[in-house]
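Here the structure comes first, spelled out in structure tokens, and everything after it is commentary.
As the structure is a computational prediction, the values presented were derived from the model and not from experiment.
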Amino acid sequence: QVQLVESGGGLVQPGGSLRLSCAASGIIFRVYAMAWYRQAPGKQRELVATISSGGSTNYADSVKGRFTISRDNAKNTVYLQMNSLKPEDTTVYYCNAVFQGAHYWGQGTQVTVSS
């Protein structure tokens, strides 16, 4: 059974930081490219950051310089370090894993940035 479980979301003040985690099971984690998406209610899903199996990263312009994606293959976990958070970062964040024809999603974790 493939499972991606996000954690680390919560309420934070503007300018604060959070680290999201996504723990994967049921896949050969090291061969998968991993990504974080976000989707607010009534809005389109947005690609936030990606990391390849080799560790290459890409970021949406809206988060570049503030967010960092990383992975720990020994722990089957991908992370999203979020710094300098803004109210517009408020949304549900989803973990994604892809390898060739396989594509899996987590259930999401809520991030709220508010005073």
Side-chain angles (χ1 to χ4, degrees):
Q1 183 180 7
V2 176
Q3 195 167 357
L4 304 179
V5 180
E6 300 98 332
S7 61
L11 175 64
V12 66
Q13 293 185 338
S17 297
L18 286 172
R19 189 179 75 158
L20 306 184
S21 299
C22 172
S25 60
I27 62 172
I28 304 174
F29 180 82
R30 69 180 187 276
V31 310
Y32 277 75
M34 303 296 296
W36 289 95
Y37 289 78
R38 62 188 182 185
Q39 185 174 24
K43 305 295 183 181
Q44 287 281 13
R45 188 171 58 193
E46 174 189 19
L47 178 61
V48 176
T50 64
I51 184 166
S52 73
S53 61
S56 298
T57 59
N58 290 102
Y59 299 92
D61 287 342
S62 59
V63 308
K64 198 168 298 181
R66 300 188 298 122
F67 291 10
T68 302
I69 188 171
S70 62
R71 65 191 297 157
D72 186 341
N73 288 342
K75 296 182 177 180
N76 283 10
T77 301
V78 64
Y79 304 95
L80 186 67
Q81 178 66 48
M82 305 186 295
N83 300 326
S84 302
L85 282 161
K86 305 173 180 179
E88 53 262 44
D89 296 320
T90 295
T91 189
V92 178
Y93 285 73
Y94 296 91
C95 179
N96 169 259
V98 62
F99 177 68
Q100 296 183 344
H103 205 169
Y104 303 104
W105 292 93
Q107 80 290 343
T109 186
Q110 175 71 46
V111 171
T112 303
V113 185
S114 177
S115 299

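Think of Tyr37 as one node in a network of Ile, Leu, Val, Met, Phe, Trp and Tyr side chains linked at under 4.5 Å; its network also takes in Leu47, Val92, Tyr94, Trp105. Applying the under-4.5 Å side-chain rule to Ile, Leu, Val, Met, Phe, Trp and Tyr, the cluster around Val5 consists of that residue alone.
Closest of all the heavy-atom pairs between Thr50 and Ala35 is CG2-CB, 3.8 Å.
Residue pairs meeting the salt bridge (charged side-chain N to carboxylate O under 4.0 Å, His left out) criterion with at least one partner in residues 71-84, sequence neighbours excluded, are absent. The salt bridge (charged side-chain N to carboxylate O under 4.0 Å, His left out) pairs that include a residue from residues 48-63 are Asp61-Lys64, where partners are two or more places apart or lie in different chains. Residue pairs that meet the ring-ring contact (aromatic ring centres under 6.0 Å, His included) test with at least one member in residues 42-64, sequence neighbours left out, do not exist here.
Here Lys43 pairs with nothing under the side-chain hydrogen bond (donor to acceptor under 3.5 Å, both in side chains) rule; sequence neighbours left out. Residues passing the side chain to side chain contact (heavy atoms under 4.5 Å, CB included) test with Ser25 are Gln3, sequence neighbours excluded. The side-chain hydrogen bond (donor to acceptor under 3.5 Å, both in side chains) search around Thr112 returns Gln110, not counting sequence neighbours. Taking Arg66 as the reference, Asp89 meet the salt bridge (Lys or Arg N to Asp or Glu O under 4.0 Å) condition, with sequence neighbours excluded. For the side chain to side chain contact (heavy atoms under 4.5 Å, CB included) test, residues two or more places apart in sequence or in another chain that qualify with Ser70 are Tyr79. Tyr32 meets the side-chain hydrogen bond (donor to acceptor under 3.5 Å, both in side chains) test with no other residue; sequence neighbours excluded.
Between Lys86 and Val113 there is no side-chain heavy-atom pair separated by less than 4.5 Å. Side chains of Tyr93 and Thr91 form a contact here, defined as non-hydrogen atoms less than 4.5 Å apart. You'll find the side chain of Ser62 reaches within 4.5 Å of the side chain of Glu46, heavy atoms only.
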Residues 6-18 side chain polar contacts: donor-acceptor under 3.5 Å, at least two apart:
residue: Glu6; atom: OE1; partner: Gln107; partner atom: N; Å: 2.9
residue: Glu6; atom: OE1; partner: Gln107; partner atom: NE2; Å: 3.1
residue: Glu6; atom: OE1; partner: Gly108; partner atom: N; Å: 2.9
residue: Glu6; atom: OE2; partner: Cys95; partner atom: N; Å: 2.7
residue: Glu6; atom: OE2; partner: Gly108; partner atom: N; Å: 3.2
residue: Ser17; atom: OG; partner: Asn83; partner atom: OD1; Å: 2.9

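With rounding to the nearest 0.5 Å, the separation of CG in Leu80 from CZ in Arg38 is 9.0 Å.
At least one donor-acceptor pair under 3.5 Å links the side chain of Asn96 to the backbone N or O of Tyr104.
Residue Arg30 places its CZ atom among 12 or fewer non-hydrogen atoms of other residues, nucleotides or ligands, all under 6.0 Å distant.
Val98 and Val31 are not part of a single hydrophobic cluster, where members link through side-chain heavy atoms under 4.5 Å apart. Both Met34 and Ile28 belong to a common hydrophobic cluster when Ile, Leu, Val, Met, Phe, Trp and Tyr are linked at side-chain heavy-atom distances under 4.5 angstrom.
The residue from Thr77, Asn76, Leu4 that alone fulfils the side-chain contact (heavy atoms from CB on, under 4.5 Å) condition with Cys22 is Leu4. When each of Thr68, Asn58, Val78 is tested with Ile51 by the rule side-chain contact (heavy atoms from CB on, under 4.5 Å), just one qualifies, namely Val78.
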